[in-house]
Number of protein chains: 2
Amino acid sequence: MIIEGELEPGKRIYEGPLCERLGVSRTPLREALRYLASEGLVELTPQRGASVRRFSAKDIQDMLVLIRALEELAGRLACIEASDEEIAEVRKLHDDMLDYYREENRLDYYKTNQRIHSAIAALSHNESLIQVHASLQSKLKRVRFIGHEGREKWAAAVAEHESMIKALEGRNAPALVNALSEHLEHAWERVRDVVS
Amino acid sequence: MIIEGELEPGKRIYEGPLCERLGVSRTPLREALRYLASEGLVELTPQRGASVRRFSAKDIQDMLVLIRALEELAGRLACIEASDEEIAEVRKLHDDMLDYYREENRLDYYKTNQRIHSAIAALSHNESLIQVHASLQSKLKRVRFIGHEGREKWAAAVAEHESMIKALEGRNAPALVNALSEHLEHAWERVRDVVS
DNA sequence: CAAATCTAAAATGTATACATTATACGTTGG
DNA sequence: CCAACGTATAATGTATACATTTTAGATTTG
């Protein structure tokens with residue numbers, strides 16, 4: 001509900017109404033809120049309960065800087081650790097994404113895009129890295145979804161992805177790092193206008 | 001209690017006895033367990049409750065690989081973002097640590113060591129990075145504490161720290177990255193024997 | 001004797017009740 | 001008329017009670 005924007009940033013999360021809406025009692029809901037707080041999606045203030053974490057433009061930029069470093073690491077590791085089959089699966093995801101791009105199917109494009117980035121993280125075979133990446137990506141979901149406006153930007157993103165996959169298939173770590181780095185640099189440019 | 005080894009890895013955490021020991025009821029304890037689960041210190045299995053997360057040697061190595069990349073990023077950012085005062089404070093921590101080293105005061109040495117690494121992360125002024133780093137460091141606390149055996153290894157660690165601080169004061173990002181990288185490479189060697 | 005099954009105890013998952021704290025609104029005093 | 005105070009309402013924080021599931025031990029059976 002936070003990611004999909006149903007719960008607005010900064011707004012308080014009242015337990016009572018939300019319990020009723022979800023059909024559970026306060027106990028499991030509160031346990032879930034604590035979990036989300038640790039993930040950084042929810043902010044807890046003593047004696048005032050939970051509110052939807054509000055991200056400033058700097059917060060977003062910081063997250064993108066971090067996720068860029070994480071994906072660069074994942075890319076380097078992937079070139080060493082990943083099996084050919086795993087790389088082939090990423091290629092397949094990429095091809096699916098291209099189809100969605102041509103169909104201008106934004107939602108499925110977006111979802112597949114996310115899956116590709118998660119998949120690259122997974123290729124590292126580094127469980128901590130995978131988890132941290134997933135946590136960051138979930139926080140960025142909302143922003144990134146809004147950020148994909150404009151046809152030429154979209155085309156650029158697709159092209160960047162193509163270089164990423166090529167580099168990965170060639171197990172060319174420097175090229176992959178470059179491609180990922182450039183891609184996430186542009187990601188910031190794509191969302192900058194939205195969040196500022 | 002997990003970090004200090006009072007709760008052994010792999011062992012189940014029974015809510016009843018722990019509640020009694022802490023003097024709270026099950027509700028707040030369970031909320032805390034959910035929080036720790038998201039942090040990765042605790043593992044939750046449906047219908048079987050919480051158990052202390054057990055880290056394999058690979059888990060530890062993965063975390064060190066990741067924290068190394070994080071500190072490298074933090075170092076690069078620190079050279080740009082940190083103020084002279086902030087850097088001076090890290091230098092002060094380092095000098096304190098040297099005193100503890102000469103006194104062979106392992107506990108305070110260890111604590112100050114941790115604070116230095118957190119401080120370097122903080123110099124990045126990147127909130128996400130700071131948080132992820134802190135979370136990882138807390139998971140590594142136990143292992144790192146055990147890992148500091150042997151005089152010559154200890155001396156090497158101190159020397160590495162010295163280069164780190166020097167590079168930081170000179171705002172020499174490549175040198176700092178090198179020093180951090182080497183330091184964390186050795187950190188793995190220091191703990192490798194313990195965890196395997 | 002071993003394996004399977006049944007039963008009792010205990011653990012987790014959830015709901016509800018109570019205590020405390022914050023909040024909003026109406027009242028009173030300057 | 002505005003500000004301060006007090007009260008009522010509603011929120012959070014915690015404890016307890018109940019339902020369900022797991023687990024361990026004893027009993028039974030092949």
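Chain letters run A, B, ... following the sequence lines, proteins first and then strands; every chain starts at 1. Given the structure is predicted, the values throughout are model-derived calculations rather than measurements.
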Would you say B/Arg26 places a side-chain N or O within less than 4.0 Å of OP1 or OP2 belonging to D/dA15? no
Rounded to whole Å, how long is the line connecting atom CG of A/Leu33 with atom C1' of D/dG13? 13 Å
Side chain to side chain contact (heavy atoms under 4.5 Å, CB included) partner of A/Leu70, chosen from A/Ile130, A/Asn126, A/Val132, A/Val65: A/Val132
Closest approach to the side chain of B/Tyr14, judged atom by atom: which nucleotide of C/dG13, C/dA11, D/dT12 is it? C/dA11
Using whole Å, what does the distance between atom P of nucleotide D/dA11 and atom CG of A/Leu18 come to? 13 Å
note: A/Glu15, atom CD; C/dT14, atom P; distance rounded to Å ~ 16 Å
Other residues, nucleotides and ligands only: do more than 12 of their heavy atoms fall within 6.0 Å of CD on B/Glu4? no
Of all the heavy-atom pairs spanning B/Ala157 and B/Tyr109, show the shortest one and how long it is. CB-OH, 3.9 Å
Comparing A/Pro46 and B/Pro46 on DNA chain C - which has the more 5′ nearest nucleotide: B/Pro46
Whole Å only: how far is the CG atom of B/Leu44 from the P atom of C/dG13? 8 Å
Per nearest nucleotide of DNA chain D, the residue lying toward the 5' end, B/Glu31 or B/Arg12, is B/Glu31
A/Thr27 side-chain proximity, nearest of C/dA15, C/dG13, C/dA22: C/dA15
So what does A/Ile13 hit on the nucleic acid, given a heavy-atom distance under 4.0 Å: a base, only sugar-phosphate, or nothing? sugar-phosphate
Atom pair distance, as rounded to whole Å: CG in A/Leu29 and C1' in D/dG13: 14 Å
Assess whether a salt bridge exists between A/Arg171 and A/Asp84, defined as any Lys/Arg side-chain N lying under 4.0 Å from an Asp/Glu carboxylate O. yes
Report yes if at least one side-chain N or O of A/Arg30 is closer than 4.0 Å to OP1 or OP2 of D/dA11; otherwise report no. no
Closest to the A/Arg48 side chain: C/dG13, C/dT23, C/dA15? C/dT23
